[in-house]
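Please read these numbers as outputs of a predicted model, since none were measured by experiment.
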Amino acid sequence: MLANILEMQQQQQFFSGAVLTICRYTLQQQPLLASVASLVAQGESILHSSSKQNGDDDDVVMMDAQDDDDDDDDDDYLVHAPQSSLSLPNQQQQQRNSSRYTRQDLQTVPKINELYQQQQSKRKKEVVAQLQTMPDRHELVALAKRIARPEGFVQIEPDTIGLLSMLINTNLQQHRTQPLLSSLAFSTRMEDLWNFYLQHNDHHALILFCDLFSHHLLAVDDDTFLQNYNSNGVISAERIVLELKQILHELYWVKPVLSRDLNDPRMRLFLTGTKLWNSLYERWCRLVRSTNSFAQEFMWWFPRLIASVSDEHGAIIQDGIGDDEDDENLADSFKDPKMARILSCIPQAVPFDRRVNLFTSLLRADKLNTQNQRSVLEQLLTANSDNNTNHAQVHIRRDQLYADSKDQLNKLGSRLRHKVQVTFINQHGAQEAGIDGGGVFKEFLDDLIKQAFDPQQKSLFSVTPLQTLAINTSLPLSAENNDHYEFLGRVLGKALYESILVEPQLSLPFLNQLLGKLNTLDDLKNIDPEFHRHLAGLRNMDATSLSNLGLYFDVTTKQLNPQTKKLETIVTELFPGGSDVPVKKDNAIRYVHTMAHHRLNTLGYSQTKAFLRGFRDLIPASWVRLFSSWELQKLISGDDSIKGIDVAGLKRHMQYSGGYHPSQQLIHWFWEILQDDFSPLEQTQFLKFVTSCSRQPLLGFSALAPAPCIQQVRNAADRLPTSSTCMNLLKLPCYESKNQLKEKLLYAISAGAGFELS
């Protein structure tokens with residue numbers, strides 16, 4: 001019957017309302033036809049061979065897609081027709097609200113994706129086996145192709161949504177193009193679906209919209225996105241963010257979708273909603289510093305989440321850490337299963353400051369294994385003991401800071417997570433006074449990283465046009481250079497592990513690589529805006545202009561020859577034989593994306609891999625994925641929007657001892673000098689003098705431990721101020737005038753004479 005109706009409609013490009021209703025009803029009644037139509041819509045090729053006259057061999061039915069149960073690239077899902085509601089029955093809701101969730105109940109999106117793949121691979125095998133036994137399989141496949149043709153879906157109405165829901169299946173990774181999905185994703189159907197959802201609050205329409213819009217965004221650059229999906233557009237990116245936030249809050253926290261509910265329509269909304277929300281967030285992170293950013297940071301945050309344990313004690317104490325990039329590894333690191341799923345799948349739903357606290361809890365839990373954490377006093381008393389196996393002792397010559405550090409620290413590998421106590425050797429070969437209770441090491445690491453990442457002192461990193469740091473790709477590839485990069489990764493990881501803020505401002509594409517992400521064309525503008533503008537502009541050039549440029553699929557770079565010490569020209573093909581392939585109008589888009597991939601991901605790959613190897617000795621990849629690239633920079637260097645230090649915040653948390661009180665005149669002078677007379681540079685020098693770190697704590701001075709303190713030194717007005725950096729203690733004599741106090745402070749903080757200044 002359906003075949004006859006479709007035959008009658010062949011002169012009409014689109015399905016009428018009655019035909020849509022009949023198609024939907026037929027697919028609901030015939031699961032095999034629904035499955036075949038879905039496979040056709042997804043681009044699966046169903047091939048036939050003619051049957052033999054004698055009937056010895058039956059027709060062979062094959063599908064181009066991989067059908068192995070363990071196929072990791074099989075991302076196509078066959079789902080049942082949508083039910084009338086996405087809500088759970090009341091009885092089941094009450095049962096879930098009253099039960100305790102386990103980690104098995106709340107597995108992460110990648111794990112659920114794997115379960116989906118296994119289920120659908122099994123189902124596809126069943127479809128193939130069933131088709132092989134059917135004499136009328138040719139007619140069935142032909143009918144499925146008619147149903148799945150994109151031209152049939154013009155008007156968006158309930159039956160259209162129902163039919164499309166059976167044909168288009170959520171594909172998390174988009175390895176293979178789905179014809180029906182691709183066609184609708186670049187048509188006005190997407191706008192119609194969005195409007196239908198807003199008017200009717202129809203979550204089935206939202207599921208389809210998420211599938212289509214996620215696919216659509218793969219081909220949309222940032223400039224086009226901002227132009228088409230601003231607050232004045234038919235589809236507003238900001239509105240999508242807010243709508244999905246409300247729905248995902250329900251599916252992740254209020255009534256969580258359980259891992260076993262693979263056939264629950266809420267599961268499909270959970271998967272496709274997560275995918276689109278993360279896609280939008282990734283784009284927002286690239287544009288966050290742009291004046292045209294499409295959302296505010298708070299718009300991503302869920303309402304306050306009350307976990308079963310406090311954030312400070314939210315991490316699980318484990319035997320050790322590895323370099324496992326699996327999100328399940330991150331989820332297994334937290335005690336509360338619901339919070340663990342959110343942090344591993346959509347961490348942007350939790351405010352940055354709270355994620356910093358949770359990250360700190362991971363570090364604290366690990367340090368219980370790697371460092372016998374004791375009070376500062378205990379550390380000082382046992383600093384010279386040979387019986388302490390939880391720390392390493394190093395002796396560093398100040399005039400050989402980098403060389404001595406690399407020789408003594410790089411060989412520690414992952415054992416660098418243990419405590420390191422530093423003794424400085426002065427220019428005369430004598431040990432400097434002072435016992436390292438933590439403050440000396442902070443000063444040492446701050447100075448080491450400044451020197452190691454400084455392009456003027458070391459050439460391992462170069463400065464981008466945006467004044468950030470990137471791998472210096474002009475250096476020759478060598479095991480020796482990679483050893484330096486591995487060391488730099490290790491010391492930066494140590495700074496993060498010890499919550500020591502340091503100076504380097506890294507490029508966002510390099511930070512993406514620290515997060516294990518692949519850079520794309522739009523990321524190029526965050527390292528070289530001018531090159532991005534010229535490269536992206538090739539897509540819009542006419543054939544003659546492109547031909548006149550004389551471009552080929554290769555790239556010419558300069559590289560230093562270690563023998564001659566001269567720069568040499570190196571030609572690298574973007575693919576084998578690329579030097580013989582000219583760039584034309586029909587391959588310009590391929591050239592643009594291939595060149596961007598080479599510039600951002602291929603060039604410097606060996607050096608970046610070495611850096612990551614060292615970095616992940618201390619910080620697992622899954623841990624830093626709590627943050628975006630620009631948030632990771634804040635975690636490394638603090639908030640760059642603050643110039644100098646937050647003097648008011650320091651004043652609020654300052655303690656006083658030895659006879660000082662905040663009401664005394666000298667203390668008033670002190671704060672006036674620090675706030676009004678010191679430049680931002682002098683403020684940071686003062687902070688380093690007292691705490692050994694030139695950057696204030698990421699979460700403010702309330703996070704400084706122990707609390708900062710000013711201690712009175714009597715009968716010493718002719719002496720300079722001194723400090724005990726491991727205690728964050730300023731030892732301040734009682735000076736007679738404001739000018740004397742200022743002069744003594746400035747001399748002390750700018751001398752840089754280590755522990756031998758008094």
Listed partners of Y591 passing side-chain hydrogen bond (donor to acceptor under 3.5 Å, both in side chains), at least two apart: none
Got a sec, which residues hit side-chain hydrogen bond (donor to acceptor under 3.5 Å, both in side chains) with R103, two or more places apart in sequence or on another chain? none
[X] versus [Y], closest heavy-atom pair with distance:
X    : Y    : result
R268 : I207 : NE-CG2, 3.4 Å
L518 : H597 : CD1-CE1, 4.2 Å
D211 : T272 : OD1-OG1, 2.7 Å
S231 : S236 : CA-OG, 3.8 Å
S333 : L362 : CB-CD2, 3.5 Å
L515 : S629 : CD1-N, 3.5 Å

Within-4.5 Å side-chain heavy-atom neighbours: [X] and [Y]:
X    : Y    : value
R260 : L115 : no
L208 : R189 : no
D223 : D522 : no
I342 : F334 : no
M267 : L258 : no
Y281 : V241 : no
Y229 : H216 : yes
D523 : L508 : no

Given 3.5 Å as the limit, does a donor-acceptor pair link the side chain of [X] with the main chain of [Y], or not?
X    : Y    : answer
T224 : V220 : no
K517 : N512 : no
W284 : A295 : yes
N601 : N519 : yes
N540 : G537 : no
K335 : S308 : no
D105 : T102 : yes
S35  : P31  : yes
R283 : L217 : yes
S259 : Q107 : yes

Is it true that atom [atom1] of [X] has more than 12 heavy atoms of other residues, nucleotides or ligands lying nearer than 6.0 Å?
X    : atom1 : answer
Q29  : CD    : yes
I589 : CD1   : no
Q104 : CD    : no

Show your reasoning for whether side chain to side chain contact (heavy atoms under 4.5 Å, CB included) applies to E282 and T520. CA-CA 11 Å; E282 185 175 336; T520 62; 5.6 Å; no
Gap separating the [atom1] atom of [X] from the [atom2] atom of [Y], nearest 0.5 angstrom:
X    : Y    : atom1 : atom2 : value
L538 : M595 : CG    : CE    : 9.0 Å
I240 : E243 : CD1   : CD    : 9.5 Å
Q118 : K122 : CD    : NZ    : 10.5 Å
L251 : Q246 : CG    : CD    : 11.0 Å
S183 : L212 : OG    : CG    : 9.0 Å
W300 : L248 : CH2   : CG    : 10.5 Å

Does the side chain to side chain contact (heavy atoms under 4.5 Å, CB included) test come out yes or no for N278 and Q348, once each step is laid out? CA-CA 9 Å; N278 281 339; Q348 67 268 26; 2.9 Å; yes
Salt-bridge contact E631-R355 (side-chain N to carboxylate O under 4.0 Å):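 Counted as a salt bridge, because a side-chain N and a carboxylate O are separated by less than 4.0 Å.
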Mutual orientation of the aromatic rings belonging to F627 and F359 [parallel < 30°, tilted 30-60°, perpendicular > 60°]: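 Because their plane-to-plane angle is over 60°, the rings of F627 and F359 count as perpendicular.
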Distance-only donor-acceptor check, side chains N357 and T360, under 3.5 Å: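 Note: N357 and T360 side chains miss the donor-acceptor criterion.
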Give the C-alpha distance, both sets of side-chain angles, the deciding distance and a yes or no for side chain to side chain contact (heavy atoms under 4.5 Å, CB included) between F213 and W194. CA-CA 10 Å; F213 200 50; W194 178 242; over 6 Å; no
Salt bridge (charged side-chain N to carboxylate O under 4.0 Å, His left out) partners for R539, two or more places apart: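 Partners of R539 by the salt bridge (charged side-chain N to carboxylate O under 4.0 Å, His left out) criterion, ordered by chain and then number, come out as D221.
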Please assess R266 against D261 for the test salt bridge (charged side-chain N to carboxylate O under 4.0 Å, His left out), listing each intermediate value before the final yes or no. CA-CA 8 Å; R266 296 172 75 243; D261 298 335; 5.7 Å; no
Should V254 and F302 be marked as a side chain to side chain contact (heavy atoms under 4.5 Å, CB included) after you check the CA-CA gap, both sets of side-chain angles, and the distance that decides it? CA-CA 11 Å; V254 180; F302 282 176; over 6 Å; no
